[in-house]
Structure formats: C-alpha cells, structure tokens
Amino acid sequence: MRFFNINMSSPSLPMVPQCNLPKEVYQHLACYVPKIYCLGPNLNPQNEDLLAPLLLQSPLEWYLCGEEPSVGLAKLEQNNQPSQLCGHVFKVGEPTYSCRECAADPTCVLCMQCFLGSVHKEHRYRMTTSGGGGFCDCGDTEAWKKGPYCQKHEPNISDSSQKVTHFFLCDTIRFFLGGGVCFMIAFHYCMLVYWEKCNLLILFSRARGDTYYCMLFNDEVHTYEQVIYTLQKAVNCTQKEAVSFATTVDRDGRKSVRFGDFQFCEQAKSRNTSRQTKPLRVQVMHSSVVAHQCFALKALTWLGQIIRYSVSNLVFPAGARNVYHQLFMSSLLMDTKYKKLFAIQFAKNYERLQNDYVKDDHDREFSVTDLSVQMFTVPSLARMLITEENLMTTIIRTFMDHLRHRDLQGRFQFERYTAQQAFKFRRVQSLIGDFKYVLISRPTEWTDQLREKYLESFDAFLELLKCMQGMDPVVRQVGQHIEMEPEWEAAFTLQMKLTHIISMMQEWCASDERVLIEAYKKCLSALTHCHSGFTDGEQPITLSMCGHSVDTIRYCVSQEKVSIHLPVSRLLAGLHALLSLFCLSQSELSPPMLIEHPLRCLVLCAQVHAGMWRRNGFSLVNQIYYYHNVKCRVEMFDKDLSMLQAGASMMDPNHFLMIMLSRFELYHIFSSDVVQQNNTLIEEMLHLVIMIVGERYTAGVGQVECSDEIRREIVHQLCIRPMAHSELVKALPENENKETGMERVIDSVASFKKPGVTGRGLYKLRPECAKMFNLYFHHYSRADHASVKTDFHVFVVVLPPPVLPRFSPLFASLVNILQCDVLLGILGAVLQWAMEPSGGHWSESMLQRVRLCMGLVEEQQHLIGSAEDNDTNFNFTLKISRPGEAPANTPSILALLETLQNAPHLEVHKDMIRWILKTVRDKDKAERKRKAEMARLRREKIMAQMSEMQRHFINENKELFQQSLEELDPSTSSTLEHRYTCGSERRQVVTCILCQEEQEIRTDGKAMVLAAFVQRSTVMSKNRKRPPHNPDKYDPLFMHPDLSFGTHTGSCGHIMHSHCWQRYFEAVQAKEQRRQQRLRVHTSYDVENGEFLCPLCECLSNTVIPLLPLTKTSCRYCNKHTLDFDLQLLLFSFVNFDYTIKEMLTTFGTASYKVGLKVHPNEQDPRVPIMCWGSCAYTIQSIALVPDPRVENTPCILDIDMFHLLVGKNLTTPFKLTNWQHFFNISYTAQLHFLHLVTVAHIVQILLTSILYVCFSRLREVNSGWHLWRCVKAGILPYLRAAAMFFHYLNGAPAPPELHTLGVGEWEALCGYLCLPSNLLQLFYNNRELMEPLLHGWCSHPGVLQGLQSSMALIRFPRESNHLIELPGDYSALINQASSFTCPKSGGDKSRAPTLCLVCGAMLCSQSYCCQTELEGEDVGACTAHTFACGAGVGIFLRFVHVISAGKTKGCFYAPPYLDDYGETDQGLRRGNPLHLCQERYRKIQKLWRQHSITEEIGHAQEANQTLVGIDWQHL
C-alpha cells in the first residue's frame, strides 16, 4: 500500500512537504472514507472496524512515528516522564472525593485511587458521584490548601541524564509530528465535517451514487414515548424497532431511521408532525457526509489514544457526544501553558459560545461551555482573566443581554414569558454558575488593576440588581379574588441563584478596605437612583405622638404597589455591616430612605399573616414562604432586618417608631381612641420591635463571631424537637462551599444519641444551653413558634429573656428604642387594654410580646458596664414609674404591672410579670427563693395526697382491678385459645376477627380459616441456574435436594369463619367492579388473582388455610413427651369433615397448585394435593432451617429431598387405601416404618456426599468411623428438626422442654420425640435383611454414579442457609463497581441506572428501554425479568440510592443499609457524608428476605403511600 507517495514497507520514509500535507490527507480521506463507511442502512457494520485502521489510521501513525507505529508509540510511552497531575477523567457515576478542610473549593476533587493514597482520607471529606466529564485534581497545588499530592503522584527528583534523554526524545517526536501540523490537520478535518454550513465533502465523492440518510437527532424536549410514537407513524416501523431507534438516539445523539434516495428520506421527514409537541429534530443527509462524520468520531478517539502515549495515567473513554471534551481535557487542559492560552481564547469568545449554547437544545454537559469549571476555578487563571480579559463584566453583561423582557421602568418582567423564553431562561442560568466559579476563591492580595476591574464588574452587577429591584410588584385585591395566579417562580429562581453570588461579592469587598468603601458608595448611589423611580402614593405628611413629631410620606401597603424583591437595598445592608466591622462610617445618609422599602416588605409579610391578602391567591403566600425560607432568607429577610437596624441606629427612636406605625397602618390606633383594630398586626409590629432590638448575632451588628450565630441557630432548632443531622443541615444556611459550620459548634450545645436497627441518630439540646432560648426567635416560622409553645409551655412562660451580646459601635444607639416615649406609650396602651378581661383589644400573644419588650430592660446593665455607653442616659425605670399626662391621666406602666400581677385572667403570666417587677425594683432574692421552696413543698404535699387517695381506691376495688388485669393478660386475650378439659380430650376455641363470635374447632363444625399467602420461592435454592420446570409436564412428587424452586405459605395468624371470609372477599370483589375504569387506580393487591388484605392487619393474602381439630393423645405419650403416631381418629375423620372444611381444603390446595406451578386452577389435577403437601414441607424447612430402582425414570437418591418425601407420603398414603378398617390395624406400624425408611435414605444421601467431599479434601479421616458419624449427625439434624415440627403441628403432641432451646440434649430429645434410636445406624442393623437390597438398589442407580463423577457440585448436608450477598463496608467501593458497569445491550455504553441484585450479586441496567425483554407477552425491565429467574418473581435490589423490593407489578422502596456517621442514609449523596455498611440494618433486610416477608412489606408500604402504586414497577 502506498500513501503520501510513501512505501510503507520501506524503513526510510520520505517526508511530504508540510505545504502539501493537508491536500494529500484530504484527498486520501475523500477517496477511502466513502468506500468504507455508510454503504447501507447500517451505519456501523463490522467491516468498518477492520478496514478503517488499516487504510485510514495506520498511514497517519506511520507518518507520525517514522517507523512501525507499534514500535514508535511504545518508545514514546516508555520514555515519557509521568505527570504530577493525575488527570483521571471521571466516568458517569464514578465516586469523587473532596476534602472539606483542605480543598480550595467544592469543585476540587480526587479519584478513588488518589484519595486512598492521600492525607485527606483522615480528614472530614465529602463523597459524591460524578456526572462525567471532569478529571482528578491530584497534583494541582492551587486546588488544595495542603496535601496536593497522593503517594502515587508525589514529585520525585530524577538525575540529569534522565532529563536529557527525556527532552531529546520529546524533540525527536516533535520533529516527526512536523510541529503538530499533521495533528492539527486531523483535528481540523473532524471539526470541518460537523460544520453544518460546509458541504465540500460531497464533492470528494462524486463517483458515489446519490444516497441519503434520514437522520434523527437527540434533543432535550421530547420524551421516549413521544419519540417512539412519532417514529412508528413516520417510518412505519414496529414498536420494538422504534424503541431501539430511540435508545440509540439517546445514547449516541443520532440514528439513521431510513436509507435511500432523497425523496424517500424526505417523505419520512415530512411525516414528523405532532399537534401536542414540536416536531422531532430530523435532517436528510448525503451518505458521503454521514460517512465522513462517522470516521471523524473514530479519528477523535484515535487522537485521544495518541495523546495517551505521551501523557501518562490517562484513560481516554470513547463516547460519541463527549469525545471532544475528553480530547480537550486530556491534551490542552493537562498542560499549564496551553491551559492558559485556551482560557484566554475561551474568555475572548465567551459571549459567542454562550449564545450558541442558549440557542441549542442539548444539555450543558455536551457543550464546550461546560469546560468553564476547569479554568474559572483555578485562582491564578481567574485573576488573570479578570484583569486582562475583564471576565466578570463579560459574564454579567452576557447574562443581562439574554434577559431583554422588561417593563417600562427597566425591571425584569417574567409574567408574560412564553414557553420558549422560559426554556431560554433556564439555560441562561448556567452563566450564574460561571460567575460563581470566578468568585469562589477570594484574593489575598489586591493590585490596582484588580481593584479597577473588580469595581467595574461591581458596577455591572449593580445594573443587574437594579433590574431586579422592585420587580414583580403586587397590589392587594379587594372585593374579588384574583382570576389567574401571576408568575412568581422565575423571579425567585433568579434570586436563589444569585444568593451565594451576592454573599461572595460582599466577601470580596470585605477583603480590601478601599474596595469596600468604593463599593458602598456605588451601591448607595444605585439605591438613590432606584428610589427616584418609586413615587406611587408618596405624599408628605407630619406625624405627632407622645410629644414628638416627624415629617414623612403617606404610603399604605394595603393600597399601593409593593415588591418583595429589593436586592440593591439588601446589598447595601450587608456592606453597611461590613463597614461596622472596619469601624468605618458614612456621612450624608438618609435613614428614612434606607428603611422605606425593607419596612414595606416586612409590613407586607405582617398583613399576609393577618389575612388581609387572601384574595391574592397562593402566589403571594409562596413568595412570603420563600422570603423566610433558609434558601433565601440570608439575602432577603435577614438583610431587610439589618437595614432597619442600620436606619434606626441613625434616627431618633421616636421618629423611627412613628414611621413604622404609619406603615403598619396602626398610627391612629395608638395616637387616638380608635375602637376597630387588627390584633395580629399589633402582634407583628411588636415582634418586629423585638427583632430590631434583640437580634444581634450578625457580625457587624453585634459583637459576635460567626460561630456564635451558628450556635444560636442550632439551639433554637433543637428547642423545637430533637433533630437528626440532616434536619439540622437543612435548617441552616449553606455558604458557597456547601458548608454550614455546624460541626464546629454542635458538640458544645447538643448531645448525640446513636440510632438502633431503625430510625436515625438524633441531637438533643444540652440543658445548660436552654438559657439562650428566645420564644420570638426571628427565624422561627409560625409552625415552629406554635410547636415550641406547645411542647415547652411552662418553660416558655417562666424563662426570662436571654442575655444578649453588645451592639457594635455603629448600632449601639438601638437600645434607646427600649426607653423612647413612643414605645412606652404603645406598651402602656396594651397593658391598659389587658386590664379588661373580656375586652377584645388585646390577645395573649400581644401581652407576651409586651412582656418580652419590657424584659429586655436588662440591656441597661450592659450600658452601665460599657465604657462606650457611659454618655447614654438610660432612665427606663423613671419613665415607667411616671403616670400619663392630662387630660387622660393614665396610670404608669409600673402601676399597671402591679395591678396585672394579681389579675385572675392573667394567671399564666404572673411569674413573668413578677420577674419584670423584680428586675425593675431589685427586690430581695431570698423572698423569691422562699416562695419557690414553699411552692415546691406544696406540690410535693399535693402529690403525696393524690398517691394516698389512689392507693385507698385500689384497696377498696381489688376485685375490679383483678378482673381488668385478667382481661389484659396476653395469654387470655389471644385470638387462639386452647381450653383443656379434664382427662385426655382437648378443645380448641377460637374467635373470628370479623364477627367476634367464638367457635370450637370440630370435624362436624363450620370451617375456621387463617388468611394466608402462597408464593413461589428460591430463598433456599442451591442452584439458581436450573431452568424453570415446564408446568404441564412437571411431576412434583420428588423434590430435588437443591430446592431450586419451592412453594412457601405464610400466614399472619388471624382467624375467620369461612362464610365470614367469603362475604368479605365478595365485598372486596364487588367494590373493585363498581369502581369506574377511568377512576380505577392500581391497588396493593390484585383481586383478579385472588389477592386480598387481611381485614385486621392488612397483610397481603391470596388464600385461606382451614383449621383442623387436634386428635386425642394418650397420657403415656404426653407424659413421656414422645410423638403419638395414632392417627386413626384424624384420618378417619377425613370422611366425616363438614362440607365447609372440605371446601376450604380445596381452596387452599387449588391456590398452592395455581401459584406453585403457575397454571390455571384445576381441582381434578392429581398434582393438587402433592403441591399442597410440598408447600407444607418447604415452609417447615424454611422455618427450621425413597424411590424404587426398578421403576423406570425414577430419580436417584441424590435427586430427592427426603423431607418433602416424608411429608408427602405421610399425608397422601391414607387416601390411597380403600379399606379403612384394615388401615386402622396397620397404621401405627406403617407410619413408624415409613419414617424409619426415609431417615435411612437420608443417611445414605449424607454418607454419599460426605465421603465424596472427604476424598476430594484428602483428609486422613476418610476411614474413620467417628468422622463419618459426625458427618451423619450434623447432616441429619435439620431433617429431624423439621420432622419434629411437622408431626407436632400435625398431631399436637407437646414437645419436651429440651427442644425449646438449642443445647447438648437436643439430639436425644429429638430422637426420643420421633421414636428413633439415639444411634440411627441401628435402623439399618435391626432390619439388615430388608435394608441391604434397598441400599444396594439406591447406590447402584446410574444417576448416583453420574452425580458423583460429574463436575457439578453435589448438595451436601447439612445445607447451609442462604444469605444475601456480601456488601463492601465502604459505599464508595460499591459506587466504583457500579461506575464500571456497562449496559450489555448498548455497545459498551455506561448504564445510567445500575442496579445490584442482593440475592445473587448480578449487576443490571434498570429502568432503561435498552434492556427491556419480553416476559409472558409483556415488555418488562431487566430487573423484573431477573426476579423470575433468580427469585421466583420477587427480588430485592440495591439502586445505589435505596433498596428496592419488587415483583412484576408491585414494589416499594426500603431504607438502604449504608449509613453515615450520624446514623442516616443519604440518597443521591446530597450531603456527601461518607457512608458505611450498617450490619444491623443489613441483617434486618436479610431477615425480611429469608422469612418471605417481601410481599408483605410491599403491601404495607403501598397501603401507607399511594404514590408507590402508580409506579410502573414492571419497567424496573
């Protein structure tokens, strides 16, 4: 073969001039690519993979290496120096680790191998799963504060000779690469063929016929069902073909659905229409273009493989949609120099790239814009891009350019958004993420250029906030309810996205004093500009009250427009608090302007709580909820409160309170005699005063640290109730690093209680921290406040206000609000109203708030002891002692308190009022202590009197209490009562749970039945690979000892009359039939299959078991605790059973037959009783954990389970006899000898399998009789236990006490109970003449020899109990295993939802169209199909977020066994805490499986949660 005029067999290759190289490459590709690719309907035939490397890739490798490619690439890989950067590219679902202590930001992660070899595994770390596309940051010194290297990538110093050799080889390779020209040509070719405007490649293949492909492309708009339906209509394909097309499109991004001429393909495209949704993305493409595009993907993969040889530790996963990203990350982004150049070009073209992404419909992970995180989070690159490319300003302006829909005032308007605009808005939000990446690491050193660019970007950011200031205003609806709920979610979504951005901008400002001052001025100017646009209803007025007057404006929140979005005001509030930290102040501020809009917003919330805005619908209620919610409150509610504190600290407190009364529309109530008032508004106004004066745990407002604020938050959350770690995390605000800071302080305020087998670990508040509690904590919702008042009522009433920290100097004057005349007038008015018991002007909550306001008088002590506050004249005591002025002459506040402390209607408030009076007057503490002691003694005396009265009452009514205790005794209140009469007769009297009537169980009485559930089972299976039996030909007479399939019967134990149960079941059927088909929903039971719920406990059931009477047992057997084999009365009574008992026996037998064989009911089938007895044997075996060789087709002794044979023969032999009298004479001997015979057969089984095992193990004890006897004794013990249980429940013979516990005497007790000799070998020696021929026949059966010689494992006895698979202790190991799992039907593509079967350990691809199979004529998912092969229709799976118990049509979710250190699960790894296997939880799951309780758990879960019923479990 010749290529580029080069003889490939020649060792010396002439080089093509670089100027001719592109032409040569393109000509060669134009010639050969259409001849290899896309020659028919199938885009990827096998011959493509054979010819492409030979004709297309091999020549390029020869040119690059200058010699045999395998030799040249091997040299390159051998001599390349390992990189200090790991660069491992993460797969979808692969575990990643981020150190909470050392990572520069949350995007800095390690792969599993690097993490285990680093110092961070001993730190607090976060574990998450990758979405694919990123790479490991091990070795990047900028990503870690300490410990940047793992053991593998630790830098080592090599000698100079190695470096010289390395650089020499690199120079040689660069020479052969021709300066990278060939590499760039190949990459340019790959980019060119995917350029939509380029059709030049068609000219390269004119000789080829004009054939076309109708290509369907993936989008993020249509669902699977929509694509499948449209394909069936457009190209006339079957549903199975349409599912295959849709799966390929979702995986690869595109799929050819037609091949032919242009008209044929265009016809399919024209049919792509739908009334409900937009058309699918379809394009008719020339086959040559498709051929070159297919090869381009191969070429990109090849380029990645070439890079892999020159860059160590890289694995390049080939994926059609991500191949460009992988190529960038494995080449450009791994080299610091080229990463910087790439970042510069990325920033220069940022606006155009984002515009292209917004117009596209693919997810961000498939866009080149997703690479921004790899550059913007590197601190050095981010600073360089800010200063040189003005990146921050570019991002903000690009974001604003996409939000062009605004009102007349220039504010964002989302109300009239179309669906297309809403879709665009969702995509634009990714720019906020890029802005966050740039801000994520604050600068430690500022340069003049960085200050200039940052302040420029701050101006742009203020422009963005100005567009949000006042957006979505609301007006109170009066008279008529609002017709249509307005759009509000978009504005709050934008606010949530910007919450961390605003906080980070403030943190940047706080890191430099000059920047902070300039930013504060700019923000104040922007706020002034915004206020000039708000003139609605603002008219100047003068307010006068308590001798003070203030000029303000008239504004009624209940009548004018008001907005909840005030980001500029809140940003200024945050900067003002930062100024306080720096002890800086600003002049020329207008406090009324600062407080105006935040005050309006808080008044709006108060009026909504008062019920004044009900006609505005739920949209406003939702806005108020998110305004106080932890996701938004840091930059909304908290900042509004801080702004009010800042404004009030710069104003006369009387003026501030009068303005606040005016906005609350309460001014006339307190300034004149107005009768009509709104108590809720007064309560909210007083609460706001408490918050303004009492909330000091914000850095800059009070003299506190961040840890103090977090500690206080935790205390108040735990005052509601003990909480789990996850609940506390949700209740605390997170910073940009997703940290709450809770771990630093939680141990000082709370104690942790570890969880048990169920539940979660809980934190409980330490008693000494209760003094920090404040009933009117500003972050309490109304529900939290009500909960605290209910659970801690006495605690709330008696506890005084908490001791508060001091204000910072800029806010110190806020304490004057407590003694201002207006507030004292308000408090006096409320206390005056409280003097009237039946008056409607006051409420309990209002009085509580007044008490708390007065309780804050302790602030006076802080003022006196503080040097900064010595100039403050705090005369609260004097003012509250002064009566009102004429003409009202109202009593003083102190006099009102003296009167109210003795008011009968204020009994609950007495302690608090007295505490206030004591604080004011400083009364003697000893008197209070004496009264408290007297109260304690009085309570103790009352309790002693009550105890004495109770004791006296019990003594007088002994008979009544004795009768009550007997009724409550569980042994007598049981549903099943055994009442024994004198002599040997025993009576069974039971109570029906439906009619509550008692009835004795008799042969001639009406049938009593137990609700039961019959199910197929593989729990005890020793061979899960055995194929299911053919139900039409299967003979269940002999059960194989591997127990591959069995029928299990379980019951909840609740008893009913048979006729009561029949009426109940008929009522359930009638109820289902009456329900309209369109309203019918899936229930937790299937009536058509005979399923129902137990009327009492609602356990899933599908049949009933009739109760049969016990037989007479002679006293000699009862005394000796041996088994009574006298079955004459029981067996004789079979012919005398009442017809209802016979009917119920038939019902149970038919259910066992139908479920066990999966066939239709047939009462005449002779296999019905055999299946019934087989179910009995299997159930007993799960609880307790002999053929004729002359008959043809008889299984060998190794293929029979002896306990099934014992049960079946004991219960079916009587029905084969026609002469009942003859049976009575031989019954005892026959039954006893049959037990002996089956026992000997089982001993033979044990010996055959044990000797074979010993021989293979090469043990010296093979000839030891003692060893064989030990094998026999251990192997037969489970059989004897099951037999004892079987005969105990068959005859009712009492068991000896030794059998109730496992101990030394168990063997002798079992043998005695079953009438067997202790030395079981005597069964052979006592009947040697009879047994020898039988043993010879059994052992000479051809199947025995084949079984012993076959490679298949024999069933050894005792059979080991089956267990669920062993799970790794660390959850990350399980995730790593799942991330490597590929879908078996998707060509190596990673599974999106890998699921682990806990029964057999198989990894499956769940809830995916790709792995659906047909089962019983219905398409089911991989997990559902697997349950029928592995678990007889029932399975238990680990979905890596939760455990799933599932059948074909029903299922439920179950808590997974992996817990974090706080005893909680973490579905989806949202919190990122390390998870470890909890053995107790896993044992509980295993117990659920082994006891066949999965179906019962599913039924209970679906009854409790109806949403589980609507899930399509068959697609799992």
Side-chain angles (χ1 to χ4, degrees), residues 351 386-387 390-404 406-407 409-413 428-429 431-432 434-436 438-439 442-443 446 450-472 491 494-534 563-579 584 586 588-590 593-594 596-598 601 632 634-636 639-640 642-643 646 736:
E351 183 176 1
I386 292 174
T387 56
N390 204 5
L391 178 62
M392 294 175 64
T393 305
T394 302
I395 295 175
I396 297 172
R397 290 177 179 172
T398 304
F399 178 77
M400 293 185 63
D401 287 342
H402 289 287
L403 301 181
R404 300 178 179 274
R406 305 179 188 178
D407 59 11
Q409 287 77 25
R411 298 171 295 197
F412 292 141
Q413 190 173 17
V428 167
Q429 295 173 21
L431 277 74
I432 301 178
D434 289 347
F435 195 53
K436 181 179 177 181
V438 178
L439 293 171
R442 296 187 299 274
W446 286 80
L450 181 60
R451 289 190 183 94
E452 178 185 356
K453 294 299 181 181
Y454 175 77
L455 291 174
E456 183 179 344
S457 63
F458 191 84
D459 285 331
F461 187 67
L462 285 176
E463 292 297 322
L464 170 63
L465 298 186
K466 285 164 64 176
C467 294
M468 297 172 59
Q469 181 85 358
M471 65 180 177
D472 285 355
L494 181 59
Q495 174 65 43
M496 290 182 190
K497 293 290 183 180
L498 290 176
T499 294
H500 289 310
I501 301 294
I502 297 174
S503 300
M504 295 163 75
M505 293 289 286
Q506 296 175 39
E507 292 172 359
W508 274 56
C509 294
S511 62
D512 185 77
E513 184 176 330
R514 290 169 53 188
V515 173
L516 176 61
I517 296 175
E518 290 298 323
Y520 187 90
K521 293 178 179 179
K522 292 177 180 293
C523 188
L524 182 60
S525 176
L527 182 62
T528 305
H529 178 268
C530 292
H531 271 271
S532 63
F534 296 133
S563 174
I564 207 169
H565 298 284
L566 306 168
V568 179
S569 300
R570 292 157 186 163
L571 177 60
L572 183 64
L575 295 177
H576 189 84
L578 293 176
L579 285 178
L584 302 174
Q586 289 291 322
E588 301 180 357
L589 294 177
S590 174
M593 182 194 73
L594 298 180
E596 182 63 36
H597 290 285
C601 188
C632 302
V634 174
E635 294 300 332
M636 295 189 79
K639 288 299 188 292
D640 284 345
S642 297
M643 181 58 82
E736 67 278 4

Main-chain N/O of Lys521 paired with Ser525 side-chain donor or acceptor, under 3.5 Å: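 Not at all, since once roles are kept as given, no pair shorter than 3.5 Å links the two residues.
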Quick check: do [X] and [Y] have side-chain heavy atoms less than 4.5 Å from each other?
X: Leu594; Y: Ser569; result: no
X: Met468; Y: Leu498; result: yes
X: Glu596; Y: His531; result: yes
X: Tyr454; Y: Met505; result: yes

Could you state the interatomic distance from [atom1] ([X]) to [atom2] ([Y]), rounded to the nearest 0.5 Å?
X: Leu439; Y: Ile386; atom1: CG; atom2: CD1; result: 7.0 Å
X: Gln413; Y: Asp472; atom1: CD; atom2: CG; result: 8.0 Å
X: Ile432; Y: Ile396; atom1: CD1; atom2: CD1; result: 10.5 Å
X: His576; Y: Leu524; atom1: NE2; atom2: CG; result: 10.5 Å
X: Met636; Y: Cys601; atom1: CE; atom2: SG; result: 6.5 Å
X: Lys453; Y: Leu391; atom1: NZ; atom2: CG; result: 11.5 Å

[X] versus [Y], closest heavy-atom pair with distance:
X: Arg406; Y: Met400; result: NH2-O, 3.3 Å
X: Leu566; Y: Pro598; result: CD1-N, 3.8 Å
X: Met471; Y: Cys467; result: CB-O, 4.3 Å
X: Ala460; Y: Thr393; result: CB-CG2, 4.2 Å
X: Ile501; Y: Phe461; result: CG2-CE1, 3.7 Å
X: Val568; Y: Cys530; result: CG2-SG, 4.4 Å

Intermediate values then yes/no, salt bridge (charged side-chain N to carboxylate O under 4.0 Å, His left out), Glu635 and Arg570: CA-CA 7 Å; Glu635 294 300 332; Arg570 292 157 186 163; over 6 Å; no
Residues that Asp512 engages under side-chain hydrogen bond (donor to acceptor under 3.5 Å, both in side chains), provided they are two or more places apart: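 Checked Asp512 against side-chain hydrogen bond (donor to acceptor under 3.5 Å, both in side chains); matches are Arg451.
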Any residue meeting side-chain hydrogen bond (donor to acceptor under 3.5 Å, both in side chains) with Lys466, in chain and number order, not counting sequence neighbours: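 Scan of Lys466 (side-chain hydrogen bond (donor to acceptor under 3.5 Å, both in side chains), adjacent residues dropped) gives Glu463.
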Parallel, tilted or perpendicular: ring planes of Trp508 versus Trp446, cut at 30 and 60 degrees: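 Taking Trp446 first and then Trp508, their aromatic rings stand perpendicular (interplane angle over 60°).
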Donor on one side chain, acceptor on other, Glu351 and Thr394, under 3.5 Å: no
Between Asp401 and Thr398: side-chain donor-acceptor atoms closer than 3.5 Å: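 Not at all, the side chains of Asp401 and Thr398 share no donor-acceptor pair under 3.5 Å.
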